[in-house]
Amino acid sequence: MPEIARESAANENRKTCWDYTPAADANTAIDHLAPLLRDKHDASERDDLERMLEAVAVIHGGPIEAQERFIARTVRVLAEQH
């Protein structure tokens, strides 16, 4: 396959930033990071993370409903036992 055709085929399978929503990206990130965060942080440190997420939301004019849902989901996912 010529180089241009290979590159074109590869680009067709690649997602762009326009293919994702911020909420989906954030939830995907938490899904992937949750096992690491659960294993490496104790309950107190996970509580600190919750407070940091809330503080960031306030700084940016929130928390708006989507941020509240994300923070609640993050706390719930990190509290799950696996």
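Fair warning: this is a prediction, and the values are worked out from it, not measured in the lab. Atom set for the values below is all heavy atoms of this structure, side chains included, hydrogens, waters and symmetry mates excluded.
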If I compare all heavy atoms of [X] with all of [Y], which pair ends up nearest, and what's the gap?
X     : Y     : answer
His32 : Pro35 : O-CD, 3.6 Å
Val77 : Arg38 : O-NH2, 3.0 Å
Ala34 : Leu78 : CA-CD2, 3.7 Å

To the nearest 0.5 Å, what is the distance between [atom1] ([X]) and [atom2] ([Y])?
X     : Y     : atom1 : atom2 : answer
His41 : Leu36 : NE2   : CG    : 7.5 Å
Arg69 : Ile64 : CZ    : CD1   : 8.5 Å
Glu54 : Thr74 : CD    : OG1   : 10.5 Å
Arg51 : Arg46 : CZ    : CZ    : 12.5 Å

- Query: After noting the C-alpha distance and the side-chain angles of Val56 and Met52, does the key distance pass the side-chain contact (heavy atoms from CB on, under 4.5 Å) rule?
  - Reply: CA-CA 6 Å; Val56 169; Met52 285 185 265; 5.5 Å; no
- Message: Quick check: is Val58 connected to Phe70 through a chain of hydrophobic side chains (ILVMFWY, heavy atoms under 4.5 Å apart)?
- Response: no
- Item | Ile30 vs Arg73 side-chain heavy atoms within contact, under 4.5 Å | yes
- Message: Assess the residue pair Gln67 and Leu53 against the criterion (side-chain contact (heavy atoms from CB on, under 4.5 Å)); give the C-alpha distance rounded to whole Å, side-chain angles, the decisive distance to 0.1 Å, and a yes or no.
- Response: CA-CA 9 Å; Gln67 290 168 319; Leu53 290 171; over 6 Å; no
- Query: Are the charged groups of Arg76 and Glu80 less than 4.0 angstrom apart, N to O?
  - Reply: no
